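Heads up, the thing below is written out as structure tokens.
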Amino acid sequence: MAEFVKVAKTSDILPGEIKPFDADGETIAICHINGKYYAIKDECSHMEYPLSDGSLEGEIITCSWHGAKFNVRTGDVLSMPAVVPIETYQLRIEGENIYVLIRD
Ligand code: FES
């Protein structure tokens with residue numbers, strides 16, 4: 001079963017920022033890009049390093065360990081050494097609360 005879990009408030013993440021949050025035992029990174037929010041698993045698909053440590057430019061996150069790049073909206077890999085997409089999560093905003101859809 002899947003359910004939406006509250007993970008953060010919109011004010012917790014400044015524009016251009018990426019931050020990690022716990023959601024039902026999973027670490028989710030929320031990105032704030034031009035007024036829109038995106039949720040990804042906080043784990044690089046290369047060697048599981050936290051992507052929230054990386055740098056965000058527009059929709060592109062660069063892993064700070066070996067420099068792999070991903071699109072945080074689609075999860076697509078844009079640059080080696082990663083070859084597997086990252087997990088993205090459906091996100092919903094109600095008022096100032098951010099909810100993320102967590103699958104079992
Ligand atoms: S762990 Fe992210 S590029 Fe290697």
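Residue numbers count from 1 along this sequence. For clarity, every value in this text was computed on a predicted model and none was experimentally measured. Numbering of ligands and ligand atoms starts at 1, following listing order.
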field: Results of ring pair (Phe, Tyr, Trp, His ring centres under 6.0 Å) for Tyr37 - residues two or more places apart only
entry: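 So Tyr37 forms a ring pair (Phe, Tyr, Trp, His ring centres under 6.0 Å) with His32.
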
query: Who are the side-chain hydrogen bond (donor to acceptor under 3.5 Å, both in side chains) partners of Lys36, not counting sequence neighbours?
result: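 For Lys36, no residue satisfies side-chain hydrogen bond (donor to acceptor under 3.5 Å, both in side chains) once neighbours in sequence are set aside.
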
- prompt: Within a radius below 2.8 Å of atom 2 (Fe) of ligand 1, how many protein N, O or S atoms are present?
  reply: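 N, O or S atoms of the protein closer than 2.8 Å: 2.
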
- prompt: Is any NZ, NE, NH1 or NH2 atom of the basic residue among Arg103 and Glu87 found under 4.0 Å from an Asp or Glu carboxylate oxygen of the other?
  reply: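 Yes, Arg103 and Glu87 are salt-bridged.
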
query: Are Arg92 and Tyr99 in a cation-pi contact, defined as NZ or CZ under 6.0 Å from the six-membered ring centre and within 45° of the axis?
result: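 Here Arg92 passes the 6.0 Å and 45° test against Tyr99.
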
task: Could you pull out the closest heavy-atom pair between Leu51 and Ile61, with the gap in Å?
output: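 In this case the closest contact between Leu51 and Ile61 is O-CD1, 3.5 Å.
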
query: If you group Ile, Leu, Val, Met, Phe, Trp and Tyr whenever their side-chain heavy atoms sit less than 4.5 Å apart, what else falls in with Tyr49?
result: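 Met47, Trp65, which link up through side-chain heavy atoms under 4.5 Å apart, make up the rest of the cluster.
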
